[in-house]
Amino acid sequence: MADAPAHVPKAAAPTGPPDPPPPADVTAPAFIATLHAAVPGGVTHVSYWLGDWTLVVPAALILQVAQHLRDAADAAFDFCSDVTATDWPPRAEGRFDVVYCLYSTRHRHRVRLKVILGEQQPLASVTGVWPAAGWLEREVYDMFGVGFTGHPDRRRILMPEDWQGHPQRKDYPLEGPGELLLENPIEWLKLRQSREQADIE
Amino acid sequence: MIDTLVIPLLKIVIVLNATLVSVTYMVLLERKVIAWAQSRLGPMRVGPYGILQPVADAVKLMIKEDITPVRADRWVFTIAPIISMVPALIVYAVIPFGPEVKLFGRQVTLYITDINVGLLYIVSVASVGVYGIILAGYASNSKYPLLASLRASAQLISYEVAVTLTLVSVIMMAGSLSMVSIVRAQQSSHMWYAFVQPLAFLIFFIGGLAETNRAPFDLPEAEQELTGGFHTEYSGMRFALFFLAEYANMIVVSSVATTLFLGGWLRPFPNVAFLSFLDFIPSWTWFLVKSFVFLYIFIWVRATLPRYRYDQLMRLGWKVLIPLAIANLVVTGIIKVMLL
Amino acid sequence: MDTPVIHHGAMFDTNELVLNMGPQHPSTHGVLRVVLRLDGEKVVDADVVIGYLHRGIEKLSENRNWTQIILLTDRMDYVAAATNNVGYCETVEKLMSLEVPRRARYVRTILCELQRIASHCLWVGTHAMDIGAMTVFLYAFRERELILDLFEEMCGARLTYNSMRIGGLPLDIPPGWDKKVLEFCTIMATKIDEYEELLTHNRIWLERTKGIGVIDGPAAVALGLSGPPLRGSGVPRDVRKDEPYAAYDEMEFDVPIGTAGDTYDRYLVRLEEFRQSLRVIRQATEGIPEGPIVGKVPRLIKPPAGETYHAIESPKGELGYFIVSDGKSTNPYRFRVRPPSFCNLQGLRTLIKGHLVADVVALIGSLDVVLGEVDR
Amino acid sequence: MAQAIAFYFIAACILGFAVLVVSTKDTVHSVLFLVMDFLFVAALYVLLGAEFLAAIQVLVYAGGIVVLYLFVVMLVNLKRPPEAHSDPHRRTMLGFLLAAAVLVEVGAIAVYGHSQPAMVPVPGAAMPVTGNTAQIGWLLYTSYLIPFEIASMLLLVAMIGAIVLAKREL
């Protein structure tokens, strides 16, 4: 978006949520321990805040962790409520937080998985584990440009097919691709064509 | 000269005009009745209680732009509404509104003509009407109308079989194909055929609903699925012709049902002398009242029932109505042979 | 126009027809587009295309302050705006660990349930209309009008209410309003029977809805269906019961579930929800406690840094908000909605395969999607 | 006189539409001309005083069979002109051959009919019924019972055959 007004970052851009570890008087649910045992290294950080448990999972192990959490008897997270992402542009360990909100219809408990991901880093799709993730991952791809591998239908979902850029990123301007499109569509078209030309070259 | 030319011509003019006017008012009646069923008022703005609404509609439709889609088959697109409308109107030639009456010192029959294959004439003319629908769908060169017209024609052809079979049972009872003779036969047998042939009557009514594309069989124009059906691409007066044809067909079905099953112009209990004081009411009034009852039921059904799915409709036609109609025909034949 | 796909090996070659349904189509409930691949009238495959109503509410919310967002949430599920308000406010309250007074929680419960009835009214009307029963539509809208009147009296608007504030309510209920709500409950109870008379035992209705779009419980859970479509498949999942919010923990109500998981069961579940909602409204209105309507809310709303997910049961299903605060600015760092319609609509493709074109509209209706919420 | 005019007019229309049926490029138009043709044939029947036959002609041919033609034409989508045969001359030859055969046949019938004395019509006195429709019925079920039944059987066989062909899995 060279022509778009550049987004001015605030003085000190936030670099991620605090994700506080659980206080001493809260005991972690059993499935976290089982998960530790079943997938070694599957959880790098456990956080508890406002009654929600969050597990930070390395990107490489997300499929195994997801599989385990769905199938293990004490976890049984069969319902994938939500898949979404948060963009933390200046963060060193990776730009995106991909967040999975899971729910178990059997045990009626929730957990959030979080994967920290670099900008160009692909992430395995969990559609094989929860078909519900299909559209949700498409939206994450559409809005943040996170590349999911193994997704059966990786297209944009809300934005038009030929849209440039990923709107929910923090460096994407709120005004969209600029006023040029509305004021002078022909000029805009020329610009787009020249850009496409540049892409091809 | 007067008997052979003037009177028939006059009758044709009167019947055509009456039909067209009643068709337009049929639309208003439908809107009103459905509105009442749905606790609304219906059209109220044009004239007192909206009675001038048909006039306003007609003016609107006539001055509306007449659009022919660019990729349409121009000729077929133009004649399709005409093909649809004409059969619906010429059927009235054989419908008896009343017997012979004395008018200005002259014997005048209250029907345009009475041909000896009257019923067959109605059936065959009605079967031509389906072309209007098929061709409209084809000529529009658009997918939704095409699908709708295929549905419509399949539906019409299937239900025509059942309806025609029930007609045969009535013909067997009356021993004639002439509409006037059928009414007279009901008079002489002291019984409306609706009571002798209740099954045929029911099948005829259901088939009539289907043949006029009315709810619950209004799939060809299912707005919710096919965005209006075969006349999606039509506008203005050409659309109005389809619309009028549908309502004219409703009136035809009602009239035929009245003639065949409800004793046509006969008053209730035509042979009970004790009720002869009813004779002061003109015979055609009875005909109109009976037809009106049918039309009212048509509207009532539309306000009440959901719509069948296409395959269910075909199943109902082929697996229920046609076997029943055939069975009815066979039983009628056996009884007729055994008793006479 | 067509992309003919020819099946070889059959005695007659048949072409598949590609039918584009929507985004301008009377029964796609807005601007949904479904591209159907048909074999005759049978749906071989379907591609559900959305995004025609995408207004970027999530992005927009990240640039508005915490209070301004409430009115943006109105525009998502616009037939149940108050439910969206409640969901958002509760999420922020959870982030700020705010205590909401009991009276406010009761009023929230009443509003949520009134919205559920209004939304279900709209659903039963349009769903029946899609299947061709036009009278139910007008009956249902007649009753929805009563609810809109109640809302107008409560918050001055008829569609987009902006009826919540973080920490409580903007206004107390007007005098006599609770009487009117009870009166409405009495009227509504008889009207539900009226809808049932027209539909529930109607042969044509049964034929059109029974066995259409069958999905079993585990499959529905895996597909992420929630709300009545999930309960219609026999999964007793209701956020109001499982993770109570507002004053639902003090209410007594049942969660109706279906058995067959078809369109008819989803219909029955929603009709029973009408009755359960009335039950909740009666309890809440009669037991409404005295007290303040707003908790101790700081003048400047600025939740501490952190993230949370909070779900409520909207009329369509699980409506979740995932909100991240950076603790510094007066707007959320990330605002994400888990729209129930979006996730339910995802199941459409699975449901309509093998059914006929006429069933497509029945199934879109039975999922009860609002495109404003799907696209946001 | 009037009847002769009517006859020649109707006959001309029948022939004209018949030519249009085979000469029109657009298949749907061709089928439409066929319908017109059938309607005029029905008119010819009316002229001959056979109303029953006329009504049946319209009902069965115009209202039933041609609708099915239209169905087929619309479904198989023959809107593009049919591709020219690889060997156009062969088709022309075939056409001429068939035309010649028809000509010979018509000629033979004409000569035969002329040489034979006029056929004695079926004695009307033997028929206990009067009226066009009743007479047809009477003849069908007395003199022509066997041909009638054979025709019915043929139709039944054809119908079953069509169902078997069209229905892929029974």
Side-chain angles (χ1 to χ4, degrees), chain B residues 30-31 33-42 69 71 140-152 154-155 206 209-210 213-229 232 299-316 319-320, chain C residues 1-2 17-22 24-29 34 36 38 40-42 125-143 145 191 194 197-200 202-212 263 267 355-365:
Chain B
E30 166 149 46
R31 290 178 66 178
V33 171
I34 289 187
W36 293 328
Q38 296 168 343
S39 59
R40 298 184 282 131
L41 288 173
R71 305 272 306 270
S140 302
N141 200 0
S142 164
K143 281 177 201 170
Y144 282 106
L146 181 72
L147 272 179
S149 79
L150 288 178
R151 280 179 172 194
Q155 176 180 335
I206 295 173
L209 282 175
N213 295 334
R214 293 287 303 181
F217 308 105
D218 53 346
L219 294 127
E221 39 200 271
E223 224 170 85
Q224 283 77 20
E225 294 145 32
L226 298 175
T227 61
T232 303
I299 298 170
W300 182 15
V301 165
R302 178 166 174 208
T304 310
L305 293 181
R307 179 183 303 121
Y308 265 111
R309 207 174 57 203
Y310 183 62
D311 58 322
Q312 294 164 344
L313 168 119
M314 291 310 248
R315 199 185 315 139
L316 180 73
K319 294 196 176 163
V320 180
Chain C
M1 188 164 134
D2 303 3
L17 179 73
V18 175
L19 188 71
N20 186 31
M21 217 169 178
Q24 285 97 22
H25 187 283
S27 44
T28 54
H29 293 214
V34 187
L36 299 168
L38 302 178
E41 287 218 25
K42 205 179 209 177
T126 49
H127 187 37
M129 187 89 164
D130 286 344
I131 300 187
M134 60 191 293
T135 300
V136 182
F137 176 76
L138 284 131
Y139 283 5
F141 265 61
R142 183 182 62 194
E143 274 73 73
E145 203 65 15
K191 302 298 181 189
E194 213 166 84
E197 254 170 56
L198 275 167
L199 299 174
T200 305
N202 186 314
R203 285 291 300 273
I204 302 178
W205 181 261
L206 289 174
E207 282 199 41
R208 283 300 304 272
T209 54
K210 276 216 159 179
I212 303 298
T263 304
Y267 157 80
H355 285 298
L356 302 173
V357 180
D359 296 328
V360 174
V361 298
L363 282 168
I364 295 175

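Protein chains get the first letters and strands the later ones, always in sequence-line order, with residue 1 at the start of each.
B:Arg302 touches chain C through backbone and side chain together, each having a heavy atom under 4.5 Å away. For chain B, the nearby part of C:Ile212 is the side chain; its heavy atoms alone come within less than 4.5 Å. With a threshold of 4.5 angstrom between heavy atoms, B:Ile34 approaches chain C through side-chain atoms but not through N, CA, C or O.
Residues C:Thr135 and B:Thr304 form no side-chain contact, since every pair of their non-hydrogen atoms from C-beta on lies 4.5 Å or further apart. C:Arg208 places none of its side-chain heavy atoms less than 4.5 Å from the side chain of B:Pro306.
Distance alone, capped at 3.5 Å, places no donor-acceptor pair between the C:Glu207 side chain and the B:Gln312 backbone.
Within 6.0 Å of the CZ atom in C:Arg203, the count of heavy atoms belonging to other residues, nucleotides or ligands does not exceed 12.
Interatomic distance, CZ of B:Arg309 versus CD1 of C:Ile131, reported as 10.0 Å (0.5 Å rounding).
Per-residue counts of heavy-atom pairs under 4.5 Å with chain B were compared for C:Leu199, C:Leu198, C:Leu356; the largest is that of C:Leu356.
For the pair C:Asp130 and B:Arg307, the tightest heavy-atom approach, listed with the atom from each and the gap, is O-NH1, 3.8 Å.
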